[in-house]
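Remember, it's a predicted structure, so these values are computed and weren't measured experimentally.
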Amino acid sequence: MISLSACLMATEASAFTLDHSKGVVVLYKARSGNWLGCGPVQCLQVAEETDERVADLVTPDALGDPYYVGRIGRCEFFQTPNSFRSYDHSVKWVIDRVSSKC
């Protein structure tokens, strides 16, 4: 099995590129059909009904509204328009937490 990190590196040239200075949000559907996700603030352990609700819970207001950048497997990737702050979770941190979910 290829890890998500390796998959991201292999697909960055053709699919999409993540800006590592900005926040990243990764959303995916749970078996229940509800949404889970991980972002600069936290990773959810309890599924929510909408992807918008999850994005709101895992993204601080200061980073702005996340915009869609691409999909790998069952994960949808979004980036924030503003750079993350020193106490926000980095792109690598978020990807490490969700790689097995995609």
Side-chain angles (χ1 to χ4, degrees):
M1 177 189 286
I2 298 174
S3 72
L4 179 60
S5 298
C7 190
L8 273 175
M9 285 189 263
T11 60
E12 278 186 313
S14 60
F16 61 88
T17 301
L18 294 174
D19 181 343
H20 287 259
S21 70
K22 309 235 175 176
V24 68
V25 175
V26 182
L27 306 178
Y28 57 94
K29 275 195 173 183
R31 289 186 179 143
S32 66
N34 289 337
W35 290 88
L36 288 163
C38 193
V41 174
Q42 66 179 334
C43 294
L44 294 185
Q45 300 298 317
V46 177
E48 294 287 335
E49 288 187 20
T50 66
D51 55 346
E52 291 90 2
R53 174 75 175 141
V54 173
D56 186 50
L57 290 170
V58 302
T59 310
D61 291 339
L63 297 187
D65 292 329
Y67 58 89
Y68 182 79
V69 293
R71 179 183 193 99
I72 294 178
R74 63 184 202 139
C75 292
E76 296 181 6
F77 289 78
F78 298 79
Q79 287 247 237
T80 62
N82 301 322
S83 296
F84 68 90
R85 298 148 311 171
S86 62
Y87 48 86
D88 292 324
H89 298 304
S90 69
V91 170
K92 182 181 178 337
W93 188 93
V94 172
I95 289 171
D96 286 347
R97 298 309 176 281
V98 297
S99 61
S100 65
K101 309 297 184 194
C102 298

Check: Among the clusters formed by ILVMFWY side chains lying less than 4.5 Å apart, do L18 and V41 turn up in the same one?
Finding: no
Applied to residues 71-91, the salt bridge (Lys or Arg N to Asp or Glu O under 4.0 Å) test, sequence neighbours excluded, yields R71-E76, R85-D88
| request: State, yes or no, whether a side-chain contact exists between C38 and V24 at a heavy-atom distance under 4.5 Å. | output: no
Contacts satisfying side chain to side chain donor-acceptor pair (under 3.5 Å) that involve residues 40-60 (not counting sequence neighbours) are none
The side-chain hydrogen bond (donor to acceptor under 3.5 Å, both in side chains) partners of S21 (sequence neighbours excluded) come to D19
Margin query: Set out, in order, the CA-CA distance, both residues' side-chain angles and the distance that settles side-chain contact (heavy atoms from CB on, under 4.5 Å) for V58 and V94, then state yes or no.
Written below: CA-CA 10 Å; V58 302; V94 172; over 6 Å; no
In short, ring-ring contact (aromatic ring centres under 6.0 Å, His included) pairs touching residues 31-74 with sequence neighbours left out are Y68-F78
Residues pairing under ring-ring contact (aromatic ring centres under 6.0 Å, His included) where one sits in residues 82-102, two or more places apart or in two chains, turn out to be H89-W93
When every non-hydrogen atom of D65 is compared with those of P81, the smallest separation belongs to O-CD, 3.3 Å
Residue pairs meeting salt bridge (Lys or Arg N to Asp or Glu O under 4.0 Å), one or both in residues 20-43, sequence neighbours left out, come to none
On a heavy-atom basis, the closest approach of P40 and V25 is CD-CG2, 4.0 Å
d(T17 OG1, Q79 CD) to nearest 0.5 Å is 9.5 Å
In this structure, CG of L27 is separated from CG of L44 (nearest 0.5 Å) by 9.0 Å
Besides V46, the hydrophobic cluster formed by Ile, Leu, Val, Met, Phe, Trp and Tyr side chains linked at under 4.5 Å, directly or via other members, contains none
Could you see if Y28 belongs to whatever hydrophobic cluster contains F16? Use Ile, Leu, Val, Met, Phe, Trp, Tyr and a side-chain cutoff under 4.5 Å. yes
L63 and S83 have their tightest heavy-atom pair at CD2-O, 3.0 Å
